[in-house]
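We name chains A, B, ... by the order of the sequence lines, and we start the count at 1 in each one. Just so it is clear, the values below take in all heavy atoms, side chains as well, and ignore hydrogens, waters and symmetry mates.
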Protein chains: 2
Amino acid sequence: MNYDAFKKGYGARHKDIARQVFLANQENMRIKKEKTAVANLEKILAAVFSITYKKGFQAMSMRDLSLKTGMSLGALYAYFPGKEELLSIIQDQGRYMVKDTLDRFARQEDHPLEKLRAVIRAHIFLSELFRPWFYFTFMEARNLKPAGFDAVKAMEEHTQKILSDILEEGEAEGIFRPENHELTACMIKALQQEWYLKRWKYTRQKITVDMFVDHVLAMVEGFCLAVKE
Amino acid sequence: MNYDAFKKGYGARHKDIARQVFLANQENMRIKKEKTAVANLEKILAAVFSITYKKGFQAMSMRDLSLKTGMSLGALYAYFPGKEELLSIIQDQGRYMVKDTLDRFARQEDHPLEKLRAVIRAHIFLSELFRPWFYFTFMEARNLKPAGFDAVKAMEEHTQKILSDILEEGEAEGIFRPENHELTACMIKALQQEWYLKRWKYTRQKITVDMFVDHVLAMVEGFCLAVKE
DNA sequence: GTCTATACACAGATAGAC
DNA sequence: GTCTATCTGTGTATAGAC
């Protein structure tokens with residue numbers, strides 16, 4: 001599966017994500033009409049990503065956000081109780097998207113090697129499709145309150161476990177070499193993260209997401225696969 | 001070489017770094033006595049790292065810094081012209097340390113495989129020894145003005161080239177497999193970065209820097225080494 | 001639902017005494 | 001060299017008109 005196929009198969013678009021955010025946080029919003037709320041949330045999210053990509057969430061002022069969205073300060077506060085809550089809302093939604101997608105892809109395949117490939121691909125392709133979310137989730141995690149940061153850590157360990165479980169399973173079947181699978185899972189996660197943390201580099205070097213994924217898979221398989229005698 | 005050996009062999013300590021910072025920025029400081037300046041710079045740097053690790057540079061107020069160092073606001077401004085300049089000073093010094101060390105280790109070995117190992121090890125060990133510097137340099141890069149950010153990018157590409165040059169050289173000698181060495185260099189850098197970006201994870205999992213380095217090397221060599229026929 | 005106007009806290013930075 | 005006191009801009013957030 002390449003990126004184009006993934007993109008076509010993956011239903012959700014920006015508007016759908018905004019709708020999910022609305023449904024999950026409806027009780028804290030003064031806006032009641034779904035259509036209005038979703039349209040404006042979409043604008044707000046896009047603006048947040050655009051502003052914070054360059055200077056970070058802390059440095060983004062509510063006036064910046066007002067200017068970029070074309071909405072007034074008063075209007076913005078009808079969509080979330082405060083700046084800190086806005087951060088949590090985005091982080092929560094980001095985590096939900098990743099967990100939901102990876103769990104789904106992990107269930108789709110049976111053979112450990114195919115499963116490993118599917119999960120690695122899905123993670124990187126998803127991070128390409130929702131790059132701003134991934135970048136934001138990583139870079140702004142430390143601005144969360146302890147509870148939020150704990151959720152980030154738990155998520156990191158959850159996705160790591162998906163990978164190490166596959167590796168264990170494959171070792172039991174004689175497909176993968178015995179190794180410290182926890183550590184290998186960490187390395188895989190590091191490679192995945194590279195894609196959305198340093199996008200400027202790959203854009204400049206004209207490396208596509210498909211090339212990147214293939215290289216990651218080659219490296220991982222070169223290390224993990226049991227040698228045929 | 002393991003981490004302990006690296007640490008013993010690597011001369012510079014925190015005080016020496018503070019001295020380098022003093023010498024490099026002397027003309028912008030109102031403090032003239034080296035001994036006073038170095039001692040206080042050491043305090044200031046430690047305080048910056050401690051505060052920003054949790055909430056970032058933008059969110060650190062000068063009053064936070066004053067409290068943590070035990071120095072007054074007025075005194076702090078005798079050591080640097082402004083908050084933004086303080087950021088540049090730290091970033092510049094961080095880059096200098098990395099470049100200086102890596103170039104040195106790359107020159108030390110002759111055989112491509114040994115050189116590759118030496119450079120990868122040196123980078124990870126250095127990031128362990130000066131973890132706050134590395135973490136800070138990465139996380140706060142986007143708060144720099146364009147010129148500073150360009151320097152960061154140039155540095156990233158410089159260290160990448162050190163690696164890809166070694167891989168090219170090794171391929172010419174038949175030691176490494178033909179591959180997209182640029183991309184492999186990127187992967188290696190991603191693995192190195194993982195160590196200082198997610199230290200909390202490795203502390204929790206009781207993984208030492210030596211274990212980590214060995215795993216990275218095993219993975220890289222498994223992928224790069226030409227297969228013996 | 002969205003606007004303008006404004007409250008009030010806190011930021012970075014400096015002046016001038018010691 | 002270091003301190004305290006203070007200036008001035010900007011931050012988040014809200015009240016109340018439309």
Side-chain angles (χ1 to χ4, degrees), chain A residues 18-19 21-22 25-45 47-48 51-52 54-90 140 143-145, chain B residues 18-19 21-22 25-45 47-48 51-52 54-90 140 143-145:
Chain A
R19 181 166 295 113
V21 171
F22 172 69
N25 299 279
Q26 208 164 357
E27 69 279 12
N28 294 318
M29 298 189 188
R30 288 210 304 276
I31 317 298
K32 296 301 159 201
K33 255 173 50 191
E34 177 171 323
K35 205 176 165 184
T36 315
V38 170
N40 281 330
L41 275 174
E42 209 182 328
K43 266 202 298 191
I44 293 170
L45 292 170
V48 168
I51 297 167
T52 59
K54 287 183 188 166
K55 54 181 182 179
F57 190 77
Q58 286 276 356
M60 176 193 80
S61 72
M62 291 300 293
R63 284 181 175 93
D64 289 337
L65 192 57
S66 163
L67 211 73
K68 193 86 172 183
T69 53
M71 298 164 72
S72 70
L73 278 174
L76 287 175
Y77 279 96
Y79 288 82
F80 45 84
K83 202 187 166 193
E84 195 169 306
E85 286 81 2
L86 175 58
L87 174 62
S88 301
I89 288 170
I90 300 178
E140 312 301 344
N143 295 317
L144 290 166
K145 286 174 290 187
Chain B
R19 180 166 296 112
V21 171
F22 172 68
N25 298 279
Q26 210 166 355
E27 69 278 12
N28 294 318
M29 299 190 187
R30 289 208 305 274
I31 318 296
K32 293 302 157 200
K33 257 176 43 191
E34 177 170 326
K35 206 175 161 183
T36 316
V38 171
N40 280 331
L41 275 173
E42 210 183 326
K43 267 201 298 190
I44 293 171
L45 291 170
V48 169
I51 298 167
T52 58
K54 288 181 186 166
K55 55 180 181 179
F57 190 77
Q58 286 276 355
M60 177 192 80
S61 72
M62 290 302 291
R63 283 173 177 88
D64 289 337
L65 192 57
S66 163
L67 211 73
K68 193 86 174 181
T69 54
M71 297 164 71
S72 69
L73 278 174
L76 286 174
Y77 278 96
Y79 289 82
F80 45 84
K83 201 187 167 193
E84 194 169 307
E85 285 82 1
L86 175 59
L87 174 63
S88 301
I89 290 171
I90 300 178
E140 312 301 345
N143 294 318
L144 290 165
K145 285 174 291 189

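Applying the side chain to side chain contact (heavy atoms under 4.5 Å, CB included) test to A:E84 and every residue at least two apart in sequence or in another chain returns A:K145. The salt bridge (Lys or Arg N to Asp or Glu O under 4.0 Å) check on B:K55 picks up B:D64, with sequence neighbours excluded. Residues meeting the side chain to side chain contact (heavy atoms under 4.5 Å, CB included) test with A:E85, sequence neighbours left out: A:P81. Under the salt bridge (Lys or Arg N to Asp or Glu O under 4.0 Å) criterion, A:E140 pairs with B:R142, sequence neighbours left out. In terms of the side chain to side chain contact (heavy atoms under 4.5 Å, CB included) criterion, B:K54 has no residue partners (sequence neighbours excluded). By the ring pair (Phe, Tyr, Trp, His ring centres under 6.0 Å) test, A:F57 pairs with A:F136, sequence neighbours left out.
A donor-acceptor pair under 3.5 Å is absent between the side-chain atoms of B:K68 and the main chain of B:K43, judged by distance alone. A donor-acceptor distance shorter than 3.5 angstrom exists from the side chain of B:T52 to the backbone of B:V48, with no hydrogens or angles considered. Checking side-chain atoms of A:T69 against main-chain N and O of A:L65 turns up a donor-acceptor pair under 3.5 Å.
Protein atom CE of B:M62 is 16 Å distant from nucleotide atom C1' of D:dT6, rounded to whole Å. Atom pair A:L73:CG and C:dA5:C1' shows a separation of 11 Å (rounding to whole Å applied). Following rounding to the nearest Å, A:Q58 (CD) and C:dG12 (C1') show an atom-to-atom distance of 16 Å. Rounded to an integer number of Å, the gap from CD1 of B:I51 to P of C:dA11 is 12 Å. One can place CG of B:L65 at 13 Å from P of D:dC3, the figure rounded to the nearest angstrom. Look at CD on A:Q26: it is 11 Å from P on C:dG1, rounded to the nearest Å. Straight-line distance from the CG atom of A:N28 to the C1' atom of D:dA13: 16 Å, rounded to whole Å. The NZ-P distance, from B:K33 to D:dT2, rounds to 9 Å in whole Å.
Taking every heavy atom of residues 75-88 of chain A and every atom of DNA chain C, pairs under 4.0 Å involve A:A75, A:Y79, by number.
Between its opening and closing five pairs, the helix from C:dG1-D:dC18 to C:dC18-D:dG1 changes axis direction by 0°, a value rounded to 10 degrees.
Contact annotation for B:S72: base contact, defined as any heavy-atom pair under 4.0 Å involving a base atom. Within 4.0 Å (heavy atoms only), A:M60 reaches sugar-phosphate atoms of the nucleic acid but no base atom.
Annotation: side-chain hydrogen bond (donor to acceptor under 3.5 Å, both in side chains) contacts involving residues 28-39 of chain A, sequence neighbours excluded, comprise A:R19-A:E34.
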All N/O donor-acceptor pairs, side-chain side in residues 70-80 of chain B, below 3.5 Å, sequence neighbours left out:
{"from": "B:S72", "atom 1": "OG", "to": "B:A75", "atom 2": "N", "distance (Å)": "3.2"}
{"from": "B:Y79", "atom 1": "OH", "to": "B:N40", "atom 2": "ND2", "distance (Å)": "2.6"}

Tabulate atom names and distances for all N/O pairs under 3.5 angstrom spanning the protein and nucleotides 16-18 of chain D.
none

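The side chain of A:S61 lies closest to D:dG11, out of D:dT2, C:dA13, D:dG11. Here the nucleotide nearest the side chain of B:N40, chosen from D:dT2, C:dA13, D:dT12, is D:dT2.
Here the straight-line distance linking atom CG of B:L87 with atom CE of B:M60 works out to 9.0 Å at 0.5 Å rounding.
Side chain A:R63 to base D:dT10: no donor-acceptor pair is found below 3.5 Å.
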